[in-house]
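Some notes on the structure that comes next.
What you are looking at is a predicted structure, and each value in this text was computed from that prediction instead of being measured. Start at 1 and go down the list; that is how both ligands and their atoms are numbered.
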Amino acid sequence: MRLPDAIERVLLDEETIAAQVRQLAAQIDADYGDPDDLVLVGVLKGAFIFLADLARHLTVPHHVDFIALSSYNRGTVSTGSVRLIMDTRVNVTGRQVLVVEDILDTGYTLDYLIRTFRARKPASLHTCVLISKPERRQVEVPVDYLGFEIPDVWVVGYGLDYADRFRTLPYIGVLKREVSVRRVAEEDGTAG
Ligand code: PRP
């Protein structure tokens, strides 16, 4: 398989991801039984592919909704400030909410989401994350369903991007270090 120039190697191939997504869906099915009002809330943009695959493997009845956030300072130093760009369409009060994220990095985004949703008094609140980078964590957040733990490398594909590119690669690949280093320098304003 020929990889795009910016990509060093495949970290998680299509089959590995698909098997883990099926496994997560089976766990969610088993845990929720016969839910009244389960809402999957995908966090845009990154979670759109994971959510689509996960939702199609679930047999429990569920609704699908989205929320869009943006974080400031995505470079080496994160301030942890998160901005809400688009809220869910449904009112989650009294519903069973499952937040679906593509990646957990510093934890600031998921922490913000958990605090935001808790304040809205859902019947239950759980989190499902495809990829976690534990080495990068700044704030501890509860993850109920986790796909993979990976080292601190910049990954793209299956929803994950580099400068909004590579989201639709069917696998998760590692970005070449020289590419990600350049990007971080640009974001920090330290690029030469
Ligand atoms: C990514 C990802 C998470 C967040 C995790 O989103 O989808 O929402 O970063 O990082 P954190 O744990 O450090 O908060 P990003 O801001 O890149 O936006 P995108 O999903 O639109 O690509």
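- Proximity to Thr106 (heavy-atom distance under 4.0 Å) selects the following atoms of ligand 1: 11 (P), 12 (O), 13 (O), 14 (O).
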**OP:** Under the side-chain contact (heavy atoms from CB on, under 4.5 Å) rule, what do Val156 and Arg165 come out as? Steps first, then yes or no, please.
**Re:** CA-CA 8 Å; Val156 295; Arg165 294 171 61 207; over 6 Å; no

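- In terms of polar-atom proximity, Gly46 is counted as a contact of ligand 1, with an N or O under 3.5 Å from an N or O of the ligand.
- Val41 pairs in a side chain to side chain contact (heavy atoms under 4.5 Å, CB included) with only one of the listed residues (Ile67, Leu51, Val64, Leu113), which is Ile67.
- In this structure, Tyr158 and Phe50 have tilted ring planes: the angle between them lies in the 30° to 60° band.
- With values rounded to the nearest 0.5 angstrom, Ile172 atom CD1 is found 7.5 Å from Ile150 atom CD1.
- Ion pairing between Arg167 and Asp161 holds under the 4.0 Å rule for side-chain N and carboxylate O.
- When heavy-atom distances to ligand 1 are checked against a 4.0 Å cut-off, Arg167 comes that close only through its side chain, counted from C-beta outward.
- The minimum heavy-atom distance linking Tyr108 with Thr106 is given by the pair CD1-OG1, 3.1 Å.
- Within ligand 1, the atoms closer than 4.0 Å to a non-hydrogen atom of Leu44 are 20 (O), 21 (O), numbered from 1 in the order shown.
- Heavy atoms of Glu101 found under 4.0 angstrom from ligand 1 belong exclusively to the side chain.
- Counting heavy atoms under 4.0 Å from ligand 1, residue Asp102 touches it through the side chain alone.
- Remark: ligand 1 atoms within the under-4.0 Å shell around heavy atoms of Thr109 are 4 (C), 5 (C), 8 (O), 10 (O), 11 (P), 14 (O).
- Counting atoms of ligand 1 from 1 in the listed order, those under 4.0 Å from a heavy atom of Tyr108 are 12 (O), 14 (O).
- Contact annotation for Asp164 and ligand 1: no heavy atom of the residue comes within less than 4.0 Å of the ligand.
- Summarising the local packing, CZ of Arg120 is surrounded by more than 12 heavy atoms from other residues, nucleotides or ligands at distances under 6.0 Å.
- Residue contact check for ligand 1: Leu110 places no non-hydrogen atom closer than 4.0 Å to it.
- Residue Arg136 places no heavy atom under 4.0 Å from ligand 1.
- Heavy-atom contacts from other residues, nucleotides or ligands closer than 6.0 Å to CZ of Arg137 number more than 12.
- Inter-residue side-chain proximity for Ile114 and Val99 is flagged as unmet; no heavy-atom pair is nearer than 4.5 Å.
- Each of the following atoms of ligand 1 lies closer than 4.0 Å to a heavy atom of Asp161: 22 (O).
- Proximity of Gly107 to ligand 1 is established by a heavy-atom distance of less than 4.0 Å.
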